[in-house]
Amino acid sequence: MTSPSQQRFLTWRVLLIFVITAPINCYFLIQMELVRYTFPTWVVPFSNVIFILTAILLINIVIRLLKVNFAFGQGELLFLYVTLSFATTLAGCDILQAVLSVLGHGFWFATEENEWQTLFWHHLPQWLTVSDKDALRGYYLGDSSLYLPHHLRVWVPVVGAWLLLFTVIAFIFLCLNTILRQQWSQRERLTFPVIQLPLAMTDLKSGFFRNKRMWIGFAIAAGISLFNGLSHLYPVIPHIPVTRRFFRFSEPPLSLYGTIITAFYPFAIGIMFLMPLDVLFSTTFFYFIYRNEVALADAVGWKSIPRFPYLNEQTIGAFIGLCFFFWWTGKRHFKAVLRSALKRGREPPGLSSNEPMPYRVAVWGFVVGVLLFAFLLYKAGMTIWIALAFAVLFLITPLVTTRIRAESGIFVHAYHWQAPRYILNTIIGTHRLGAQNLTALSVCFFNRDYRPQQMPHQLEAFKIAEVAKINPRRMLYTIIIATVLGGLVAFWVQLHLYYQFGADSGYYGPWALGYGRQYFSRLTNWITYPLDTDWIGVIFIGIGFSVMMGLTFLRVKFFWLPLHPLGYVMASNQEMSDLWIPLLIALTLKWLILRHGGIKSYRRAVPFFLGLVLGDYLMGTTWSILNVLLNTTMYQFYP
């Protein structure tokens with residue numbers, strides 16, 4: 001029977017720890033991602049969150065020795081993991097770091113030469129951007145304070161508007177995840193590999209920290225990181241080459257493949273080992289297909305065709321095809337959910353009793369949420385039909401990456417070119433969209449590369465609640481609290497630091513301004529050189545859709561076939577060029593273990609690979625913290 005301490009979940013002391021650690025965590029992320037250009041938020045589970053969770057677990061050991069009943073239970077520890085994960089997601093380089101760099105950029109850096117004032121100033125949404133030069137002066141140059149009355153009057157409404165937008169998005173995701181949860185978690189029994197480490201760490205009955213194989217994996221990964229960290233400080237010590245190395249060849253055929261990247265990240269091998277074998281094989285197979293397509297284009301002279309073989313457009317089509325596949329495989333469940341939402345009177349008892357919210361609330365909340373999101377986009381400057389199209393297209397990439405995380409556990413997913421603004425530009429063309437829509441699309445992007453995002457973390461939080469037997473409604477409240485407070489903290493810490501040191505002072509590196517520079521330079525190009533529909537791109541979207549439909553058909557008719565549809569889109573991941581060697585290693589090891597030892601040997605091996613992740617994370621984060629505290633360059637375990 002579970003002890004009372006383990007049944008506690010959303011308690012005042014863990015909420016207090018979150019409130020204290022969230023700003024420190026945000027400061028750490030800014031130091032790593034903007035100042036030192038290494039990115040903890042690219043990888044899940046987040047290494048910084050696992051480090052904090054480990055620190056609390058060590059404190060918990062002392063508490064148990066002094067007073068058992070006062071020790072943190074699994075529910076409280078998981079609450080801390082979930083809330084800090086959401087805070088990290090929002091504070092990451094692809095979300096609020098990128099959003100904040102855009103808010104004043106178009107006004108502060110406008111000159112007579114770039115003609116921004118003529119091109120798009122009048123299209124910038126005043127309620128989502130900052131045009132006040134006095135407020136922007138302190139923001140960009142520093143030696144000022146956020147807390148001056150004038151600065152607060154300028155920033156509070158804008159920050160509030162963005163928090164409203166992100167809260168609406170979070171609510172849409174919550175409704176969608178409520179509808180999907182039972183189908184994906186219980187009917188299809190997806191394994192959610194990303195949450196296996198925090199679940200094992202917080203479960204006192206699992207014996208995770210008493211497992212010898214875990215400690216062997218931990219020692220190997222931590223030892224490599226320790227050795228490389230010392231080698232960085234004392235070059236006389238040899239370096240173990242596990243991080244990225246770049247190779248170029250001058251002679252064909254290898255020269256056709258461009259830059260070849262090799263990496264042997266221990267944590268990547270550990271996480272990928274948890275992926276299903278057919279997904280591992282399919283991702284490897286399609287990645288080499290993609291690379292050979294590029295090499296073939298170079299060999300036969302097709303590089304004169306821009307962007308051939310249009311991998312991004314193929315992926316867009318594949319994403320749309322996957323959404324159709326998700327609907328088809330779960331159509332019975334979704335029809336039952338829809339019937340429940342449309343029936344008058346009370347919902348049948350037990351239908352959604354174990355869900356975060358009743359299905360009726362989820363379905364109508366989803367509809368109202370999407371319409372409200374589209375309305376806010378309309379107020380930001382988009383025409384109504386573009387706003388509706390954007391609101392629907394925006395859901396595709398989060399939906400697919402949520403499925404990828406739930407089924408395969410791939411820990412990084414960078415899909416920059418699958419954003420709605422690029423889909424609309426390809427299908428409609430920048431000429432038909434016009435300057436007003438293009439300006440709104442440039443400001444309202446919400447997630448730059450879709451690496452850290454809310455929807456996968458929400459579904460994983462609900463799975464954590466299911467496994468740990470936590471009331472899903474409590475998890476729902478936890479997600480809302482973490483989203484609102486996490487977004488508020490992320491804005492506050494960044495604005496505080498920028499007014500102190502200056503976003504344009506050079507201290508925060510090129511990307512404090514780089515996102516804004518990138519987006520407004522692209523906007524200038526779109527307006528100055530308008531294009532019509534990219535018909536070749538549309539054709540390749542159709543090709544990607546057709547290939548995905550073929551793969552899903554084969555998956556349904558021939559379940560034994562090792563070609564998994566997810567492998568097709570995972571192989572197009574922008575970060576896969578760094579990860580193909582860990583992918584091959586994980587595929588080979590898992591195949592050998594299952595082939596010669598069976599499922600029992602696989603389960604016995606899992607703690608070893610979780611140990612690889614934990615060891616690499618803890619030692620790597622230790623070097624990162626020393627990097628910040630000592631203000632010097634240290635070894636970075638990723639990327």
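Residues: numbered from 1 along the sequence shown.
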Is the distance between the ring centroids of [X] and [Y] under 6.0 Å?
X	Y	value
Y265	F637	no
F273	Y602	yes
Y415	Y450	no
F325	W328	no
F545	F324	yes
F446	F373	yes
H564	F281	no

Task: Any donor-acceptor pair under 3.5 Å from H416 side chain to R448 backbone - done: yes
- [ ] Locate the shortest heavy-atom distance separating S185 from K463; write the atom from each residue and the value.
- [x] OG-NZ, 3.1 Å
Open item on the list: A quick test of your reading: do over 12 heavy atoms of other residues, nucleotides or ligands sit less than 6.0 Å from NZ of K469?
Closed with: no
TODO: Please round to the nearest 0.5 Å and tell me the distance separating atom CG of L197 and atom CD1 of I50.
DONE: 4.5 Å
Can a side-chain donor-acceptor contact be found between [Y] and [X] if the only test is distance below 3.5 angstrom?
X	Y	result
Q458	N177	yes
Q636	S624	yes
Y422	Q418	no
T88	N25	yes

Open item on the list: Please enumerate all residues that pass salt bridge (Lys or Arg N to Asp or Glu O under 4.0 Å) together with R555, with sequence neighbours excluded.
Closed with: D278
Task: Chi angles and distances behind the side-chain hydrogen bond (donor to acceptor under 3.5 Å, both in side chains) call for Q314, Y568 - done: CA-CA 10 Å; Q314 288 187 52; Y568 182 51; 2.9 Å; yes
TODO: Using a 4.5 Å cut-off on heavy atoms from C-beta on, say whether the side chain of F192 contacts that of L459.
DONE: yes
Open item on the list: Show, in sequence, the C-alpha distance, side-chain angles and deciding distance for T401 and Q453, and conclude whether the side-chain hydrogen bond (donor to acceptor under 3.5 Å, both in side chains) test is met.
Closed with: CA-CA 9 Å; T401 51; Q453 53 179 296; 3.0 Å; yes
